[in-house]
Protein chains: 2
Amino acid sequence: MKLSTKGRYGVKAMFDLAQHFGEGPIALKGIAERQGISEHYLEQLMAVLRKAGLVKSIRGAQGGYILAREPENITVGEIIRVLEGPLAPTECVSEEDPEMCKNAPTCITRTIWQKMRESLAEVVDSITLADMVRDAEKLKGQENLMYYI
Amino acid sequence: MKLSTKGRYGVKAMFDLAQHFGEGPIALKGIAERQGISEHYLEQLMAVLRKAGLVKSIRGAQGGYILAREPENITVGEIIRVLEGPLAPTECVSEEDPEMCKNAPTCITRTIWQKMRESLAEVVDSITLADMVRDAEKLKGQENLMYYI
DNA sequence: ACAAAACCGATAAAAATACTCGGATATGAT
DNA sequence: ATCATATCCGAGTATTTTTATCGGTTTTGT
């Protein structure tokens, strides 16, 4: 049940874009450096995110990437699904057009995969990039507080 | 976030053993046939489950496998962890001795992976093999009911 | 014109997955 | 005792996925 680097890097990169939202296009190089990701590899992931309509790109000098929507309107679930495919632990419980085997209607294990998918979806679909930015700010505030105690 | 065949086959096989619990040793061949799994491959998975103490094996003619504990006391979570490793989507939020990177304490994405793991664990740790057998019986009852309507 | 930066396609090493095969060993039934 | 039945064990292997790397093309602000 591991997440591959695609999903991990993708969420990190999108979080980085959310933190710099409103500052114009953010260059891939900076994102890769701040998040500790191979630049060329991240480029491929950004292409996927762009084709999925989650980010916009501006080419040429001073170009970069911008979130296609406000951070409030992009969930972690969307990002992961775009980069890793459906959240479902098996094909037979995919959100859309699941490939069910012939005994799916009476398959008991299937009900378990379904519950796993639903539980996971509830978590990732409820977290937006704005939430992450807010949490990061909060954490930063707590750090400063520590110096005064 | 896919489950590999290891976890899927493992849960299916353990469910099969639970359905036949009390009938003495169940041969691998039968399990493989009923669940549609390659016999030799399942053998390897059973070895892992045996070493983890989830099943006992009886060698020789009329031999086979038996659940090491009552179906009430074996959860789906245990089976999946044994065959697939920790439920955690990343190493840094593993249940025991997680391999954290140096910025783990302030890592915002890490809190997400943590929530995913917790949510998933809650589901799979709350389902026992006995629950699955009960659900299967219930489903069978409903099928019979359909003929009478 | 130039440098910055996204875009694109190909390649490739490494790891994981999903088996397959052949034989060794144990044991209940005849 | 023999034999068929089953588990046990180690090795091999084709395929896929992952995780990149590389080199060049195009776009565009300065």
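Residue numbers start from 1 in every chain, and the chains themselves are labelled A, B, ... in the order their sequence lines are given, proteins ahead of strands. Just the heavy atoms: all of them, side chains too, but no hydrogens, waters or symmetry mates, feed the values below.
At the heavy-atom level, A:Arg50 lies under 4.0 Å from the strands shown only through sugar-phosphate atoms. No engagement by A:Lys29 is indicated, since no non-hydrogen atom pair under 4.0 Å with the nucleic acid exists.
Taking atom CD of residue B:Gln62 and atom C1' of nucleotide D:dT5, one finds them 7 Å apart after rounding to whole Å. Atom CZ in A:Arg8 sits roughly 11 Å away from atom C1' in D:dT18 (whole-Å rounding). A straight line from NZ of A:Lys2 to P of C:dA15 spans 17 Å, rounded to a whole angstrom.
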* Could you walk me through whether B:Arg34 and B:Lys12 pass the side-chain contact (heavy atoms from CB on, under 4.5 Å) test, one step at a time? => CA-CA 10 Å; B:Arg34 281 188 296 274; B:Lys12 272 172 190 277; over 6 Å; no

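Between A:Tyr65 and A:Leu54, the closest side-chain pair of non-hydrogen atoms is not below 4.5 Å.
Side-chain contact of A:Tyr41 with A:Thr5: a donor-acceptor pair under 3.5 Å is present, judged by distance alone. A donor-acceptor pair shorter than 3.5 Å cannot be found between the side chains of A:Thr75 and A:Thr128. Side chains of A:Ser94 and A:Glu99: no donor on one and acceptor on the other come within 3.5 Å. In this model, no donor atom of one side chain and acceptor atom of the other lie less than 3.5 Å apart for A:Thr106 and A:Asn103.
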Atom pairs, protein N/O to nucleotides 20-26 of chain D N/O, distance under 3.5 Å:
{"residue": "D:dA20", "atom": "OP2", "partner": "A:Tyr9", "partner atom": "OH", "Å": "3.0"}
{"residue": "D:dT21", "atom": "OP2", "partner": "A:Ser38", "partner atom": "OG", "Å": "2.9"}
{"residue": "D:dT21", "atom": "O4", "partner": "A:Gln44", "partner atom": "NE2", "Å": "2.6"}
{"residue": "D:dT26", "atom": "O2", "partner": "A:Arg59", "partner atom": "NH2", "Å": "2.9"}

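The 5' end of DNA chain D is approached more closely, in terms of each residue's nearest nucleotide, by B:Met46 than by the other of B:Met46 and A:Glu84. Ranked by how close their nearest DNA chain C nucleotide is to the 5' end, B:Ser4 and A:Tyr65 are led by A:Tyr65.
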